[in-house]
Amino acid sequence: MPDATCYAQVTVTLPLSGPYTYLVPDHLRPHAAVGSRVLVPFGRRTVTGYITAFAPPSKKMRVKKIIDTLDPCPLFTPGMVPLFQWIADYYIAPMGDVIKTALPGGLNVVDRQVVSLTTSGTRAADDPACPEAEKELIDILGSTPVPLKQLLDSEPPIPRSLIKVLENKGWVTVTRELSTARARAKMETVAEAAAGPLPKKGVTEKRQLLLDFLRVHGPTARADLNRKLPSAKSTLGPMVEMGLIHLSEDRVERSPLGEEIVPDTPPSLTDEQQQVVSTVSAQLTSGYATFLLKGVTGSGKTEVYMRLVEDALAAGKTAVVLVPEIALIAQTDRRFKARFGDRIAVLHSGLSDGERYDQWVKIAEKRVSVVIGARSAIFAPLTDIGLIVVDEEHDGSYKQESGLRYNARDLAAVRARMEGAVVLLGSATPSIQSAWNARTGKFKEVLLTKRVNQKPMPEIEVVDLKKYKDLPGIHTFLTPRLVEAMTQTLDRDEQVLLFLNRRGFSGAPICAHCGEPLKCRHCDVSMTFHKGVNAFRCHICGYFEPAKTHCRICNGHKIKLLGSGTEKVEEAVKDIFPHKNVARMDQDTTARRGSLLKILKGVREKQVDIVVGTQMIAKGHDFPDITLVGVICADTALNLPDFRAGERTFQLLAQVAGRAGRGDKPGRVILQTYVPDHFTIGCAVDHDADAFYTQETSFRRALAYPPFTRIILVRIADKNSGRCRTAAQKLSGLLWERRPDQGIAIMGPAEAPLTRAMNRYRWQILLKGESPSAMKKMITDALAAFRKEGGFSGVSISIDVDPYALG
DNA sequence: AGCACGCCGACT
DNA sequence: GTCGGCGTGCTC
Ligand SMILES: [Zn+2]
Ligand SMILES: [Zn+2]
């Protein structure tokens, strides 16, 4: 019986816009809904797709059938389809890519060609007459089939003809095989005692034991049963056969192991907090609005978020809380878990594919009403969203910097507008963009001006690094003034935190003979020496070079380890304070699961006196006994060729400074810099956010940068440097031809600040204008013309709308 | 993306 | 003459 659900519009997870129309077979109808993940035939392949609508084909055409539906429930809500469409338009991306980016990873099922050995093939290898090349291929295939693509792309490549030859001889076969998705529901077998009388015989003592166990404990998973009652391993089978025990398959949730969390009691709010909660809460039932919460560090923003989430739930709505990835790894979610218990789901990068899938399904099945997570949690499949919180809204990690380069903070407003929800952006140092939106009335501003503990902001002392530049070695950075302040602090039995934006030991290794920097073979950057692994490493591509290396220019063997990273500072600090415990906190010491928690615990329990760390120490940890924060060099980010350099530096300094004096004792900050008179540094020192925003805003206006214009960055990359440049010039020409007389500026093409990464040369073209739609039309048209051009088949072009870093 | 079709250079 | 290189176009 044809009805509305007879035909499904399916978007396949390929870089295609789609959708494609498929027939929904009767037996799949109950499982087919908007958001369902389906397996469909596509060309001569089988691929994964998602139902985005139900509608018959627009014209008479051959329509294929959906092969299967893949999950217990749809993975996104119908309300999210317009969001995906918006993203596809705004970021100039195919719908298939949008959906693939939005949903958890590891879900794609695709078929591929695999080559397998036949029995006669196995025998052929023993034949001495068998040519060497054929023998090699047979060896590679061994006992397990190998994907065709893997053979063709291997080094050295296996010629397609060789495979054809063996296929003709009947030694190998090429077949299509479905790859299994990495993430899927986990099932387990559950045993349950059947009702009814027992037979007179066949029920041995051990079998009776099993039956009793199940009657007492109720249905039990087989794995549990085997553990708690080992004899079940042998007794279960016969009892099932006798019909006395039933087995069934049940879906189980994998949950990441974590410490038990004690429910908390909400503290009472300060007047200011109460004021903010009432203002925002009043909006929860009146449709879309975005609030910008400016709250100094320590003013209790998190408590405000939690109250508002509670209010949203009370109004029968759901809520999403976005936090920076780093904060999540450091367990910011614990406070939310303590408050919301099993009503909350957590999404972050530390989860395995399976765990993330289970959290996702839990959200989709409405078994939770709050989601906390990093960037991608903006795509949580919640219905009836009432509130979206974006904590530390200025944080760069909300911008995805690969593939589809979306900004979750911006999408929060888009999704909220579509679903009639309220957005709360929170930060001590809002982005210039958001601050401006508040100024113009696009956002409503709410304020927390007082710290909860009533403590004043820490005092910041500036140390001019120029004065110490002739001191030996690391003392140019561990200046006498800093060491003195550290000594005083440690003598009071308080803790010190040293912030440095570079990991590793030495970030600028150079040849001692000729002065040539030691660079990566694949990228145009210096290698970083890591003492921990005793080797050089490229931070772009991971390329590894043993410590015993030589200069590529003069073959010299002595490498000078210039430039200071966290490892070098850690070592020097241990040297100066031999009786103090020093912990290092950076990507290298926290890579292993749980290692960060261990360090944090050490700091909390005061087994650690001095922490040396990168960015990640700046977020979310509240250590009352850290009373001195040392910023080793405040200018590192200030000199980057990026219009946001000042903004980022100010935000970072304010945040790092906020780590000092979180407890009862007053905090102090030593800020070292080569440019003590720089405006940005001065504002950070004076805690004068207003001055900084005023000045920075007028700078942006004068130079026509965001928020006064929109920027789109077109990135061109290719293995061949000449072709990359030619492609960039060609594309630039095509853009110029399509440039309207006014309103859009084209800058470039120019080499990217990082000229070469992973053996690909990089160029970029920057577009600046007031109308993003006009710029996008230009780009789409120029891109279409560029693709017709020919000769640029391997060149990759990617478009970054509203780039965060111009790198 | 991946797979087929099709059009040109170099090897039997 | 064929084989196989890759540029072009399509996938419900
Ligand atoms: Zn040299
Ligand atoms: Zn590299």
Side-chain angles (χ1 to χ4, degrees), chain A residues 2 4-25 28 32 34 36-69 88 92-101 103 105-115 133 146-154 156-168 174-179 181 402-404 717-720 723 726-727 730 783-798:
Chain A
T5 65
C6 195
Y7 291 101
Q9 300 295 317
V10 173
T11 300
V12 292
T13 51
L14 294 173
L16 299 171
S17 287
Y20 297 87
T21 311
Y22 286 88
L23 258 171
V24 186
L28 294 178
V34 169
S36 295
R37 184 167 58 119
V38 294
L39 205 58
V40 290
F42 196 64
R44 46 198 68 200
R45 292 189 290 164
T46 300
V47 298
T48 306
Y50 291 86
I51 298 178
T52 48
F54 290 96
S58 51
K59 52 183 190 293
K60 216 168 150 358
M61 52 163 52
R62 208 175 90 83
V63 175
K64 294 182 179 176
K65 279 197 205 113
I66 290 177
I67 297 167
D68 205 359
T69 52
I92 320 183
M95 189 67 160
D97 278 351
V98 174
I99 295 185
K100 198 173 172 198
T101 309
L103 297 187
L107 290 173
N108 247 21
V109 182
V110 209
D111 71 344
R112 51 189 184 173
Q113 296 190 66
V114 293
V115 184
V146 178
L148 176 62
K149 205 169 174 341
Q150 190 181 314
L151 294 174
L152 297 174
D153 297 347
S154 67
I158 310 267
R160 195 181 281 269
S161 49
L162 178 60
I163 297 166
K164 279 238 175 82
V165 168
L166 295 200
E167 200 179 1
N168 290 339
V174 182
T175 47
R176 305 196 70 92
E177 185 181 83
L178 272 189
S179 71
S402 63
L404 206 176
D718 192 64
K719 285 198 287 281
N720 178 303
R723 188 167 68 164
T726 321
K730 182 78 227 172
L783 226 50
F786 180 80
R787 299 213 198 284
K788 285 208 191 89
E789 200 59 40
F792 297 125
S793 61
V795 181
S796 92
I797 309 276
S798 74

For a quick test of your reading: what N or O donor-acceptor pairs under 3.5 Å do the side chains of residues 41-55 of chain A make, sequence neighbours left out?
residue : atom : partner  : partner atom : Å
A:Thr48 : OG1  : A:Val109 : N            : 2.7
A:Thr48 : OG1  : A:Val109 : O            : 2.4
A:Thr52 : OG1  : A:Gln9   : O            : 3.4

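Going from atom OG1 of A:Thr726 over to atom CG of A:Asn720 covers 7.5 Å, rounded to the nearest 0.5 Å. Residue A:Ile797 holds its CD1 atom at 6.5 Å from CZ of A:Arg787, rounded to the nearest 0.5 Å.
The salt bridge (charged side-chain N to carboxylate O under 4.0 Å, His left out) test applied to A:Asp97 returns no partner, not counting sequence neighbours. For A:Lys730, the salt bridge (charged side-chain N to carboxylate O under 4.0 Å, His left out) partners are A:Glu789, not counting sequence neighbours.
Atom NZ of A:Lys64 has more than 12 heavy atoms from other residues, nucleotides or ligands within 6.0 Å.
Here C:dC12 presents its P atom at 13 Å from CD1 of A:Ile66, a figure rounded to the nearest Å. When rounded to the nearest whole Å, the span between CZ of A:Arg160 and C1' of B:dA4 equals 11 Å. For the pair A:Tyr50 OH and C:dC12 P, the computed distance is 19 Å after rounding to whole Å. The OH atom of A:Tyr7 sits 15 Å away from the P atom of C:dC12 (whole-angstrom rounding). Following rounding to the nearest Å, A:Asp111 (CG) and B:dC3 (P) show an atom-to-atom distance of 8 Å.
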Below 3.5 Å between N/O atoms, which protein atoms pair up with nucleotides 6-9 of chain C? Just atom names and distances, please.
residue : atom : partner  : partner atom : Å
C:dG7   : OP2  : A:Ser793 : OG           : 3.2

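Within the nucleic acid shown, A:Thr13 has no heavy atom closer than 4.0 Å to any nucleic acid atom. When heavy atoms are screened at a 4.0 angstrom cut-off, A:Leu23 is found touching no nucleic acid atom at all. The residue A:Arg62 sits close only to the backbone: its heavy atoms come under 4.0 Å of sugar-phosphate atoms, none of a base.
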Item to complete: Determine, stepwise, if the pair A:Arg176 / A:Arg112 fulfils side-chain contact (heavy atoms from CB on, under 4.5 Å).
Response: CA-CA 5 Å; A:Arg176 305 196 70 92; A:Arg112 51 189 184 173; 6.0 Å; no
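Among C:dG4, C:dC12, B:dC3, the nucleotide with an atom closest to any side-chain atom of A:Gln113 is B:dC3. Closest to the side chain of A:Leu14, out of C:dC12, B:dA1, B:dG2, is B:dA1. Distance from the side chain of A:Tyr20 is smallest for C:dT11 among the nucleotides B:dA1, C:dT11, B:dG2. Listed nucleotides B:dG2, B:dC3, C:dC12 differ in distance to A:Lys149; the shortest reach to its side chain belongs to B:dG2.
Listed by residue number, A:Pro41, A:Phe42, A:Gly43 are the residues of residues 37-44 of chain A with a heavy-atom contact under 4.0 Å to DNA chain C.
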Fill in: Protein-to-nucleotide contact annotation, 5' to 3' order, nucleotides 6-12 of chain B [B base; S sugar-phosphate only; - none; under 4.0 Å, heavy atom]
-------
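Side-chain N/O atoms of A:Arg176 include one lying less than 4.0 angstrom from OP1 or OP2 on B:dC3.
Side-chain contact check for A:Leu23 versus A:Tyr7: some heavy-atom pair is nearer than 4.5 Å.
Put simply, the side chain of A:Thr69 never gets that close to the backbone of A:Ala32: no donor and acceptor are under 3.5 Å apart.
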